[in-house]
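What you are looking at is a predicted structure, and each value in this text was computed from that prediction instead of being measured. We use all heavy atoms of the structure for the numbers below, so side chains are in, but hydrogens, waters and symmetry mates are not.
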Amino acid sequence: MARFFQGWGIGDDSVEYLKLIGIVIIVVGFACKLESILVIMVAAIATALVAGLDPLTFFQTLGQSFVDIPALCIGVFALAFALFTPTSSLVGIGVGVGAPFVLALGADPVVVGSVALACGYCGTLCTPMDANFNMVPVTILDMKDKNGVIKKQIPIALVMLAVQIVYMIAMA
């Protein structure tokens, strides 16, 4: 009988679908307007239990993501800041070097790559060398402080960096 239903999601394959219980918990929790962090943590724990992870492995994986993801984002931010540009091939290499550590946790490569490069743009907002963002407004507005634009962009860049780290932890 199981051979007849093979490939239809009934029988042995139904256990694989049960691992998606976390998605159901998130949809129901958000539909009921419950606390977001609580819903996500309950979904993560339920998925880990259904997948057969013991609590120690689950918390090690969760803890590792809270270490690797900020390290990648802050590293790309610092690299772009030091090189004065996010489009440099060296920033791409920085993402290429750091991303495998995050991808080893099972993260989505699209989220990791795009958010890590966006962290590079946050680093660029803090540099005086990017003329489009920082030098042209000083000239057009005839500002007395030639670093005035950068001084105003640094807090925004740091907030954006923090939001992107949280986003990558949640989505990757």
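Within the 4.5 Å cutoff, the side chain of L103 has heavy atoms near those of the V112 side chain. The closest side-chain heavy-atom distance from Y167 to V115 is below 4.5 Å. A heavy-atom distance below 4.5 Å is not found between the side chains of F30 and L34.
Under a hydrophobic-cluster definition in which Ile, Leu, Val, Met, Phe, Trp and Tyr are linked whenever side-chain heavy atoms come within less than 4.5 Å, directly or via other members, L38 and V166 are assigned to different clusters. Linking ILVMFWY residues whenever their side-chain heavy atoms come closer than 4.5 Å, directly or via other members, places L141 and V149 in the same cluster. Taken together through direct or relayed side-chain contacts under 4.5 Å among Ile, Leu, Val, Met, Phe, Trp and Tyr, F77 and V159 form parts of separate hydrophobic clusters.
Taking each heavy atom of A80 and G120 in turn, the nearest pair found is CB-O, 3.1 Å. Contact between A43 and I26 at its shortest, heavy atoms only, is CB-CG1, 3.6 Å. Closest approach of A46 to I25, counting heavy atoms only: CB-CD1, 3.5 Å. The heavy-atom pair separating L161 from C73 by the smallest distance is CD1-O, 4.0 Å.
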- prompt: Do L20 and V50 pass the side chain to side chain contact (heavy atoms under 4.5 Å, CB included) test, and can you show the C-alpha distance, the side-chain angles, and the key distance before you say yes or no?
  reply: CA-CA 9 Å; L20 299 176; V50 170; over 6 Å; no
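Considering CD of Q164 and CG of L117, their distance stands at 10.5 Å, rounded to 0.5 Å. Atoms CG and CD1, from N147 and I154 in turn, are 8.5 Å apart once rounded to the nearest 0.5 Å. In this structure, the separation between CG on L49 and CG on D54 is 10.0 Å, given to the nearest 0.5 Å. In this structure, CD1 on I74 lies 4.5 Å from CD1 on I165, to the nearest 0.5 angstrom. Here CG of L158 is found 8.5 Å from SG of C122. Values are rounded to the nearest 0.5 Å. Of the inter-residue distances, the one linking M160 atom CE with C119 atom SG reads 9.0 Å to the nearest 0.5 angstrom.
Evaluation of the salt bridge (Lys or Arg N to Asp or Glu O under 4.0 Å) rule for K151 yields D145 as partners, not counting sequence neighbours.
Side-chain atoms of T57 do not come within 3.5 Å of backbone N or O of L53 as any donor-acceptor pair. At distances below 3.5 Å, at least one donor-acceptor pair connects side-chain atoms of Q153 with backbone N or O atoms of L125.
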